[in-house]
Chemist: 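Quick one: structure below, then a few questions.
Scope of the values below: all heavy atoms of this structure, side chains included, with no hydrogens, waters or symmetry mates.
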Amino acid sequence: MYKQLQTGLICVIALVLLSACATVTSQLDPPKINIEDFRSLPTEGGAPRFEITLRVINPNAQALDIVGISYSIELLGRELITGVSKNIPSIGGYSEGLVTLDAGLQLFELLRLLASVGSQEDGPLEYRFLAKIDFAGFVPTQRIEESGKIAL
């Protein structure tokens with residue numbers, strides 16, 4: 001009898017804690033992320049590298065402690081640039097910060113893209129920036145997508 005009561009009490013406490021966590025995360029708005037700058041880095045014989053600067057806007061009272069970001073950039077539907085970063089500063093509540101990322105170019109995808117560009121009609125190039133941002137604590141993982149066109 002005592003074991004059943006103890007097991008039942010543990011289950012009730014676990015359910016209360018889980019429901020409390022669900023209410024905490026549902027009150028947070030996702031951060032807004034914009035590409036601030038995109039530039040080529042000098043290389044020393046290797047594949048081209050890029051530096052991407054993101055502006056992260058935190059619309060919440062709680063600081064966002066970013067554990068890591070994985071990201072990619074597609075051009076004409078081909079994933080050309082990818083990278084990950086874990087050295088991200090905390091973004092305070094109701095503030096914004098700049099996050100600088102290093103990224104590498106996938107040479108084979110670039111060659112495929114260059115081969116297909118000749119068959120494309122002239123016009124703007126479509127791009128898409130995808131990022132997965134992991135936060136410390138109870139903030140859920142955020143997936144960000146920004147797309148647009150680059151005029152030639």
Chemist: May I ask you to test the Asp102-Arg49 pair for a side-chain heavy-atom distance under 4.5 Å?
Modeler: yes

Chemist: What is the minimum heavy-atom distance between Ala63 and Ser90, and which atoms define it?
Modeler: CB-OG, 4.0 Å

Chemist: From Ile66 CD1 over to Ile91 CD1, what is the distance, rounded to the nearest 0.5 angstrom?
Modeler: 5.0 Å

Chemist: Taking all atoms of both residues into account, what is the closest heavy-atom pair of Gln142 and Pro31, and its distance?
Modeler: CG-CD, 3.7 Å

Chemist: Can you tell me if Asn60 uses its side chain to pair, donor with acceptor, with the backbone of Asp29 under 3.5 Å?
Modeler: yes

Chemist: Any chance you could measure Ile57, atom CD1, to Ile33, atom CD1, to the nearest 0.5 Å?
Modeler: 9.5 Å

Chemist: With side chain to side chain contact (heavy atoms under 4.5 Å, CB included) as the test, would you mind laying out the steps for Val84 and Ile69 before giving the verdict?
Modeler: CA-CA 6 Å; Val84 294; Ile69 298 177; over 6 Å; no

Chemist: Look at the side-chain heavy atoms of Ile, Leu, Val, Met, Phe, Trp and Tyr, link any pair under 4.5 Å apart, and say whether Ile81 and Leu76 land in one connected group.
Modeler: yes

Chemist: Are any of the side-chain nitrogens in Glu145 or Arg128 under 4.0 Å away from the carboxylate oxygens of its partner?
Modeler: yes

Chemist: In Å and rounded to the nearest 0.5 Å, what is the NZ to CZ distance from Lys132 to Arg143?
Modeler: 5.5 Å

Chemist: Do Ile73 and Phe38 have side chains that get closer than 4.5 Å, going by heavy atoms?
Modeler: yes

Chemist: Any chance you could measure Leu54, atom CG, to Tyr71, atom OH, to the nearest 0.5 Å?
Modeler: 8.5 Å

Chemist: Testing the basics here: between Glu146 and Tyr127, what is the closest heavy-atom pair and its distance to 0.1 Å?
Modeler: OE2-OH, 3.7 Å

Chemist: Indicate whether the side chain of Asn58 and that of Ser95 have a donor and an acceptor atom separated by less than 3.5 Å.
Modeler: no

Chemist: Report yes if the side chains of Val56 and Ile88 come closer than 4.5 Å at any heavy-atom pair, otherwise no.
Modeler: no

Chemist: Any chain of hydrophobic side-chain contacts (each under 4.5 Å) joining Leu130 to Phe135?
Modeler: no

Chemist: To the nearest 0.5 Å, how far apart are CZ in Phe129 and OG in Ser147?
Modeler: 12.0 Å

Chemist: Shortest non-hydrogen contact from Val67 to Ala136?
Modeler: CG2-N, 3.3 Å

Chemist: Can you confirm whether Leu80 sits close enough to Leu105 that some side-chain heavy atom of one is under 4.5 Å from a side-chain heavy atom of the other?
Modeler: yes

Chemist: Hey, what do you get for CG (Leu64) to CD (Glu96), rounding to the nearest 0.5 Å?
Modeler: 12.5 Å

Chemist: Check whether any side-chain heavy atom of Ile133 lies under 4.5 Å from a side-chain heavy atom of Ile144, and answer yes or no.
Modeler: yes

